Chemist: 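Handing you this structure, nothing more for now.
Bear in mind that the values here come from a model prediction, so they are computed numbers and not experimental data.
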There are 2 protein chains.
Amino acid sequence: MDAVRQINIDKRSATLQGVGGAAGGRPYDFLTDVLRMLGTTLTYRRNEEVFGEGEPSDYVYLVVTGSIRTYKLLADGRRQIAAFCLPGDIFGLDAGETHAFTAEAVERSRLVVTKRSTVLALARRDGAFAGELWQIAAAELERAQAQLLLLGRKNAQERVATFLLEMAERTASSDMIRLPMSRQDIADYLGLTIETVSRTISHLEHDATIALPKSRQIELRDKRALAQLNA
Amino acid sequence: MDAVRQINIDKRSATLQGVGGAAGGRPYDFLTDVLRMLGTTLTYRRNEEVFGEGEPSDYVYLVVTGSIRTYKLLADGRRQIAAFCLPGDIFGLDAGETHAFTAEAVERSRLVVTKRSTVLALARRDGAFAGELWQIAAAELERAQAQLLLLGRKNAQERVATFLLEMAERTASSDMIRLPMSRQDIADYLGLTIETVSRTISHLEHDATIALPKSRQIELRDKRALAQLNA
DNA sequence: CGGGATATTGATTGATTTCAATGTGAGTGG
DNA sequence: CCACTCACATTGAAATCAATCAATATCCCG
């Protein structure tokens, strides 16, 4: 645990009294730095499980490359994907002793892994850093709440439009987006079936709202129209 | 801010390294104590707004009596209720500077209100307390994720069964539950229409799974059957 | 150049929504 | 004390959106 001591605690950027809803940039730079410095890089194959629901939450993960899906299952196999984690995202930092969901690699992914206890030890010594853990959980909560609105109240077109805009925003390649996940993954994220997702995408293509040079590569041609559908 | 100093910081019960998924009891006793000691009690009338989405998050709330709904709206008025807050629950503790949702009193409610800045000041001086804020956000996140599964993948019967069991568990009056909220509120929480909720409840009544002496008072007669539907 | 997984498209079904009455109950005023 | 009223809840019939069932089509990948 001496490695912890070597981190310059004052070099953090987010603090407890800090912004939170900051305009640009990821507000968790300090934790990200910690993970990068102390963590071990692991590679996961496509569809490989990172951890399962109910397993002890011993590690915290930072996505370096690739993408991760987190999900819950019903007894009969119905699946709801809670989030896709993209490069720069942190996941697995549950407050409880066990993970509340399963995490799997969507595609071959490189993750930086650090012991949760290390992060907690650091947080115990630094209130501002502890505040960053809170900010992370709160940001995820806000995302989840937006997803509740989508799942509870939006129709298929609106869900797909919201998803495409979200992906465009997150990958920052604004207009041409690469989808690492299958249609089934998208369906399980949006609470639809694969057929409905496919049909809805086709419909948007006929509208010329989007173009799809390849099934997993989508060009947003009319963001205005998508935004209209978004809410 | 001197009042902060008077709190015995060592009298807390939840700490950063603390349990989280603890069996019984609410794990946020310290924050609850803080709010009770420092807060002002306010009463809200039925349907009165506590705060609106986008307003500055200046205060933190503890429900003493009554119940609160938190929700988001779409532009055309579709509403998704994210949570019902019951006595003992804390809400409004957003990490960001503005609230991500609206909060309203479902019925006449008494709340203890404390300045957010007070809570943050305390957290800055005490890492374990800061950890408690994290635990609260993480617990809410976990609840939201369970709700994602419900909204994305459960049918109407399963949603209602889950809701009834949840209410029974939370009010601890295990078998006879009082519903402070209208059918419309329940519908907007479960992502259904009022008619579907009503029909589903009627169906459960015909099954003798439940009995409803009054429309807002439900007796769970066959929890086994409900649990079956729950997942 | 297969071949298996992934994706699209079509036809049909079905659960939930929508539209439309009707019922019920708590509070009010005659 | 009872009729009235308004909000809330239930029930029924019809419409609709998405799911299901069923073929293809396409794309990687070896």
Chemist: Starting at atom CG of B:L212, determine the distance to atom C1' of D:dA9, rounded to an integer number of angstrom.
Modeler: 10 Å
Chemist: Respond yes when some side-chain nitrogen or oxygen of B:T193 is under 4.0 Å from OP1 or OP2 of C:dT17, and no when none is.
Modeler: yes
Chemist: Categorize A:R153 for me: base, sugar-phosphate, or nothing, with a 4.0 angstrom heavy-atom threshold over every strand shown.
Modeler: nothing
Chemist: I'd like to know if B:E166 pairs up with B:R170 as an ion pair, taking the criterion as any Lys NZ or Arg NE/NH1/NH2 lying under 4.0 Å from an Asp or Glu carboxylate oxygen.
Modeler: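 Here B:E166 pairs with B:R170 in a salt bridge, since their nearest N and O are under 4.0 Å apart.
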Chemist: Please report the distance, rounded to the nearest Å, between CD in B:Q217 and C1' in D:dA9.
Modeler: 16 Å
Chemist: Regarding A:S215, tell me which of base, sugar-phosphate or nothing describes its non-hydrogen contacts under 4.0 Å with the strands shown.
Modeler: sugar-phosphate
Chemist: Can you figure out which of C:dT8, D:dA18, C:dC19 approaches the side chain of A:S202 most closely?
Modeler: C:dT8
Chemist: Looking only at side-chain atoms of A:R46, point me to the closest of C:dA5, D:dA18, C:dT16.
Modeler: C:dA5
Chemist: Select base, sugar-phosphate, or nothing to describe what B:R78 touches, counting heavy atoms under 4.0 Å on all strands.
Modeler: nothing
Chemist: Hey, is the side chain of A:Q157 pairing donor to acceptor with the base of D:dC17 inside 3.5 Å?
Modeler: no
Chemist: Does a nitrogen or oxygen in the side chain of B:T196 sit under 4.0 Å from OP1 or OP2 of C:dT16?
Modeler: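 Checking C:dT16 against B:T196, no side-chain N or O comes under 4.0 Å of OP1 or OP2.
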Chemist: Whole angstrom is fine here: how far is it from CG in B:L150 over to P in C:dT16?
Modeler: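 Interatomic distance, CG of B:L150 to P of C:dT16: 12 Å.
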Chemist: Using whole Å, what does the distance between atom P of nucleotide D:dC8 and atom CD of B:E107 come to?
Modeler: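 Interatomic distance, CD of B:E107 to P of D:dC8: 14 Å.
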Chemist: Look at A:R159 and D:dC17 and indicate whether a side-chain polar atom (N or O) is within less than 4.0 Å of OP1 or OP2.
Modeler: no
Chemist: Would you say the side chain of B:R199 and the base of C:dT18 hold a donor-acceptor pair, judged only by whether the two atoms sit under 3.5 Å apart?
Modeler: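 Check passes, donor-acceptor contact within cut-off.
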Chemist: Do A:L42 and A:Y61 come within less than 4.5 Å of each other through their side chains, counting heavy atoms only?
Modeler: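 No, their side chains stay 4.5 Å or more apart.
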Chemist: Of the residues in residues 176-187 of chain B, which ones touch DNA chain D at a heavy-atom distance under 4.0 Å?
Modeler: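 Residues of residues 176-187 of chain B that come under 4.0 Å of DNA chain D are, in numerical order, B:S182, B:R183.
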Chemist: Do side-chain atoms of A:R116 reach the backbone of A:S57 as a donor and acceptor pair under 3.5 angstrom?
Modeler: yes
Chemist: Does one side chain, of B:D222 or B:T209, offer a donor that lies under 3.5 Å from an acceptor on the other?
Modeler: no
Chemist: Would you call the rings of A:F101 and A:F51 parallel, tilted or perpendicular if under 30° counts as parallel and over 60° as perpendicular?
Modeler: tilted
Chemist: Salt-bridge test for B:R216 and B:E107: reply yes if a basic N is under 4.0 Å from a carboxylate O, no otherwise.
Modeler: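 Salt bridge absent between B:R216 and B:E107.
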Chemist: To the nearest Å, how far apart are A:K214 NZ and C:dA5 P?
Modeler: 20 Å
Chemist: First locate atom CG of A:N155, then atom OG1 of A:T200, and finally report the distance between them rounded to the nearest 0.5 Å.
Modeler: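 A:N155 atom CG to A:T200 atom OG1 measures 8.5 Å (nearest 0.5 Å).
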Chemist: How many whole angstroms separate atom CD of B:E205 from atom P of D:dA9?
Modeler: 14 Å
Chemist: With no hydrogens and no angle check, is any side-chain donor or acceptor of A:Q217 less than 3.5 Å from a backbone partner on A:L212?
Modeler: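 Between the backbone of A:L212 and the side chain of A:Q217 there is no qualifying donor-acceptor contact (under 3.5 Å).
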Chemist: Rounded to whole Å, please give me the gap between NE2 in A:H203 and C1' in C:dA7.
Modeler: 18 Å
Chemist: To the nearest angstrom, how far is B:R216 atom CZ from C:dT24 atom P?
Modeler: 17 Å
Chemist: 5'-most contact on DNA chain D: A:P213 or A:G191, nearest heavy atom basis?
Modeler: A:G191
Chemist: So B:I201, base contact, sugar-phosphate only, or nothing? Heavy-atom distance under 4.0 Å.
Modeler: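 The residue B:I201 makes no contact with any strand.
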